[in-house]
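Here is the naming used below: chain letters follow the sequence lines, and residue numbers restart at 1 for every chain.
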Number of protein chains: 2
Amino acid sequence: MLALTVKANTSLELTVTYAGNTNATIDDVAKRAHVSAMTVSRYLNDTGPVAAKTAQRIHAAIVDLNYIPHQGARALAARKTNTIGLILPEMNDIFFFQLIRGVQQAIAGQQIDLLLYSAATRGKPDVLNLPLGPHNTDGLLVFTDGLDETTLRRLHAKQFPIVMLYRTPPADLEIPTVLIENRQGAYDMVTHLVRCGHNRIAFLAGSADNEDAVWREAGYREALAAHELALISPLCASADFDEAAAANVVTHWLATGQEMDAIFAADDVSAHGAIRAVQAAGLGVPDDIAVVGFDDALLSQYIDPPLTTVRAPTEEAGRRAAAQLLRLIEGDSAELLTLLPTEIIIRQSCGWLSSNADTSQNHPTTKPD
Amino acid sequence: MLALTVKANTSLELTVTYAGNTNATIDDVAKRAHVSAMTVSRYLNDTGPVAAKTAQRIHAAIVDLNYIPHQGARALAARKTNTIGLILPEMNDIFFFQLIRGVQQAIAGQQIDLLLYSAATRGKPDVLNLPLGPHNTDGLLVFTDGLDETTLRRLHAKQFPIVMLYRTPPADLEIPTVLIENRQGAYDMVTHLVRCGHNRIAFLAGSADNEDAVWREAGYREALAAHELALISPLCASADFDEAAAANVVTHWLATGQEMDAIFAADDVSAHGAIRAVQAAGLGVPDDIAVVGFDDALLSQYIDPPLTTVRAPTEEAGRRAAAQLLRLIEGDSAELLTLLPTEIIIRQSCGWLSSNADTSQNHPTTKPD
DNA sequence: TCATATAATGTTAGCGCTAACTGTTAAGGC
DNA sequence: GCCTTAACAGTTAGCGCTAACATTATATGA
């Protein structure tokens, strides 16, 4: 079991090797407890009555033998893996932790494992390269575009339990989905900017193929209309959720003499770019131009000035999605759509305090309307 | 498959329910390709010769049937799960992503799944409540204190492959371990502070029961000795890796007239607290007192002033640990100790630029020494 | 041409567990 | 006492796959 290897050209190196290992089976436990394997199974899964005395003997045998049921065998016999899968397109932000933590909360104490797959490091899954599916999970949580539509359709056709997160499923597929209020959040943010006294509000949109981006722009447009503000076409440009692109757009606006008193960026990253561009032009945020974002990224409270933004309940999204999936797996009904509210986080980049503190009006601090 | 439910007291709600699903088995594939199941198995696992024509037919059958091998059955028959487990004590920092990403890189393209368990949300695992182990994985990556010593010993006694991360195993257990150069990193940082011109260097230690903390303090003490600086006892206090505690200690130092020109915090969080305390006392960082940390946390480059700190190669740690584990699983030998070098990240809080830029000396920018 | 190697496939058994069924025993009602 | 009912335990079969061995086709060399 322990092998010492001396390499001639280096100093002494310690290495280990293991031989194959063996584990106690349910039959071992059964023999030691003087019952049949089936009774042990009943004891373990609570699928039938077991006399107190028998249960004690079984328990003792399990402890003595360090017995842990083999999941593969269980999955095979019971046709259930007790595992759910989470497919993420990537993993590079605190955001995903909140999501994962939510999922773990939902499965806590239920003897369910979480298999994690992130497309970023292993390539996009497709029909014949499916890392997670009916073969190793009871159901799947699919975040945004972690899974292509073909695979999604195929799994759905097999009636495999799936819950989607932050992505609307194809219109003809009845897949339960958890979404956040992108449209309403954007609408609320514009309303807040208006209340701050801004009325020439520019918009840095995200990529057109991004679902979040589309809804956020829709909310922006609706809010402008609702507040009877004209949409100034040149002031609504795409920044692709990119910091440099956002900075470029804003710099161009300023150079061409576009007038604006606020910039609403469709995400915090482009808001960051916008702030830098405004400051680089010698203007102040929020005094000359207010800048707000969307997402409440980890860094947004630390940048200068601290960013006013829209926050989504990520952890709860994970929790709710997992809960729906568990219902689906149990054969219960799940809600087709769970829409979670967003919340405006007011910091300093919107100019709320500087322009309104002196009016002494009684405004809520975090969620005005 | 789709059930519409109308709840009397609310509006129309859409819900879905799924019935059980069925999947193609290896026998279905075998029949369709007019071969035996064994040949399909050979084709899939490359465990024996299969004629080109036969392979084609099998491939076609697999595609036609959307066949994916059942992992449970595989695990049962082959006595191998093709899954590794990662046990984390918690998941609340970008740090863990780097780790996970490293692990995923190591298993990429090898048909190995990653089972994730975080103790924080599901309670510490113990002997009879083992979420990950021989029953569902081929081996385990244990980060710091994700697993208690008893369980560790039990698994090790079964010769179950384990690799530990950031934690030294009990002295009598030959468990391969991946550690970072805490001691050397701290030593290097003190050396850097000395080069910056500081010689009264305070230390904010971590908790005594934390392995990282112990080594970092050891490195600090060694470096002081090496540079013939006296250890000023009152200036070496525990801040427990806590921001508020660190701020308190520093405030107390300043209030009691302790003289120092630099503070070395054993992690970035307490460094942050130290900076705030120094600034709150009306002093400047680094001009009056330099402050440096350890870890290179995500936020450290954004705080004011940007923090000089020690960075560990987290992603590589994950990669190396997983690689060692795979070797162990294959029955190959694994290195008992992998020690990864740390790197000093010089930003502004150490006073390097302000005190040395004018000397025009040719210093490396990130890694002195 | 036939032995002999090797490529290609098939057969059998069993991995460890649980579903579905079949007993067996004890308790309670009349 | 007998029958019913439930509590409790055992038996049988098979989940889907692969290890180990057995067998057959094909190629190679003397």
### Task
For residues A/A30 and A/A37, report the shortest heavy-atom separation together with the two atoms involved.
CB-N, 3.5 Å
### Query
Which atoms form the tightest heavy-atom contact between A/A323 and A/A106, and what is the distance?
N-CB, 4.1 Å
### Message
Starting the side chain at C-beta, find the nucleotide from D/dT18, C/dT9, D/dA9 nearest to A/A51.
### Response
D/dA9
### Query
Roughly how far, to the nearest 0.5 Å, is the CG atom of B/L140 from the CG atom of B/L115?
9.0 Å
### Message
So, taking the atom named CD in A/E315 and the one named CZ in A/R101, what distance separates them when rounded to the nearest 0.5 Å?
### Response
5.5 Å
### Task
Looking at every strand, decide which applies to B/T47 at a 4.0 Å heavy-atom threshold: base, sugar-phosphate, or nothing.
nothing
### Message
Taking only side-chain N and O atoms of B/T39, does any of them lie within less than 4.0 angstrom of OP1 or OP2 on C/dA8?
### Response
no
### Query
Does a nitrogen or oxygen in the side chain of A/T54 sit under 4.0 Å from OP1 or OP2 of D/dC8?
no
Whole-Å distance between [N] [atom2] and [X] [atom1]?
X     : N      : atom1 : atom2 : answer
A/L44 : C/dT18 : CG    : C1'   : 11 Å
B/I58 : D/dC17 : CD1   : C1'   : 15 Å
B/K80 : D/dA19 : NZ    : C1'   : 15 Å
A/R57 : D/dC8  : CZ    : P     : 13 Å
B/D46 : C/dT9  : CG    : P     : 14 Å
B/H34 : C/dG10 : NE2   : P     : 11 Å
B/Y43 : D/dT18 : OH    : P     : 14 Å

Show the distances under 3.5 angstrom between N or O atoms of the protein and N or O atoms of nucleotides 11-16 of chain D.
unit_1, atom_1, unit_2, atom_2, d
D/dC15, O2, A/A77, N, 3.3
D/dG16, N2, B/A73, O, 3.3

### Query
Charged N to carboxylate O below 4.0 Å: is that the case for B/R167 and B/D145?
no
### Query
Under a 4.0 Å N-O cut-off, is there an ion pair linking A/R153 with A/D172?
yes
### Task
Please find out if less than 6.0 Å separates the ring center of B/F143 from that of B/F95.
yes
